Amino acid sequence: MNSTKRTLLFAILATIGLQMAGCGAADIQSAKAYRARRDYITADKMILKALDEDSTNDEGWYLYAVNLEDLKEYEKIATIIDKAMLYSTTHRAELQTLKHNTWIQLYNGGLGTYNANPDSKEAQKAAIGYLEAAQKLEPEQPETYELLGTVYYAAGDT
């Protein structure tokens, strides 16, 4: 009788453990379904939930970066892309392309903001924010430094 109880208890604990371990995968699948419906905000919540449960989830980091691109949160991509590339080894090529495309968006955002009203302090501040994020993303791009210097000079910050 004792062995039956132990076996039953073990089976219950194993089932609970497997269900808990599979939660991250279920959240990723749900996020994919929301992304298919173009509900990127809900997908973002599901992906973050999955990453909270397993911070090294390969698919989760890839989806998080791609979902941020769909949400047009380029500055946030700049802050997480290196971590995403660290954990998402199977999607590294796609993430490298996303990283470069994000740099382009940030650089063009800074350029467009500054050119729209070069004398506006708000435009200068916004352009500096875009360009500094672009510089952190791809520090080897010389165009960023040239434009950043121009905007800082226009803002009177030498």
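Note that the structure is a prediction, hence the values are computed from the model and not measured. What's counted below: heavy atoms across the whole structure, side chains too, no hydrogens, waters or symmetry copies.
- Linking Ile, Leu, Val, Met, Phe, Trp and Tyr whenever their side-chain heavy atoms come within less than 4.5 Å puts L86 and Y62 in one cluster.
- To the nearest 0.5 Å, the span separating OG1 on T144 from CG on L131 amounts to 6.5 Å.
- Using a distance-only test at 3.5 Å, with no hydrogens or angles considered, no donor-acceptor pair links the side chain of N57 to the main chain of A50.
- Ring pair Y107/W103 is parallel by interplanar angle, where below 30° counts as parallel and above 60° as perpendicular.
- Nearest heavy-atom pair across L137 and K99 is O-CE, 3.0 Å.
- The environment of CZ in R38 is sparse: at most 12 heavy-atom neighbours from other residues, nucleotides or ligands sit within 6.0 Å.
- At least one donor-acceptor pair under 3.5 Å links the side chain of T113 to the backbone N or O of G109.
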Take T42 and D44 through the side-chain hydrogen bond (donor to acceptor under 3.5 Å, both in side chains) test and state the conclusion after the steps. CA-CA 5 Å; T42 306; D44 192 57; over 6 Å; no

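- Of the possible donor and acceptor atoms, one in the side chain of T79 sits under 3.5 Å from a partner among the backbone N and O of K76.
- Between H91 and D58, the closest side-chain pair of non-hydrogen atoms falls below 4.5 Å.
- Of all non-hydrogen atoms in E69 and Y74, the two that sit nearest each other are O-OH, 4.2 Å.
- Put simply, the side chain of T97 gets close to the backbone of A93: a donor and an acceptor are under 3.5 Å apart.
- A133 and E75 make their closest contact through CB-CG, 4.1 Å (heavy atoms, listed as atom of the first residue, atom of the second, distance).
- Between A43 and R35, the shortest heavy-atom distance links the atoms CB-CG, 3.6 Å.
- Between I77 and L106, every side-chain heavy-atom pair lies at or beyond the 4.5 Å cut-off.
- Atom OH of Y145 has more than 12 neighbouring heavy atoms from other residues, nucleotides or ligands inside a 6.0 Å radius.
- Under the 4.5 Å side-chain heavy-atom criterion for ILVMFWY residues, no single connected hydrophobic cluster contains both I28 and Y34.
- Linking ILVMFWY side-chain heavy atoms closer than 4.5 Å, directly or via other members, places M46 and Y40 in two distinct hydrophobic clusters.
- With no hydrogens or angles considered, no side-chain donor-acceptor pair links D27 and S30 at under 3.5 Å.
- Connection of I104 to L147 is established within a shared hydrophobic cluster, with ILVMFWY side chains joined at heavy-atom distances below 4.5 Å, either directly or through further cluster members.
- A donor and an acceptor atom, one from each side chain of E132 and Q135, are nowhere located under 3.5 Å apart.
- A donor-acceptor pair is defined here as one N or O able to donate and one able to accept, closer than 3.5 Å; no such pair exists between the side chain of W61 and the backbone of I80.
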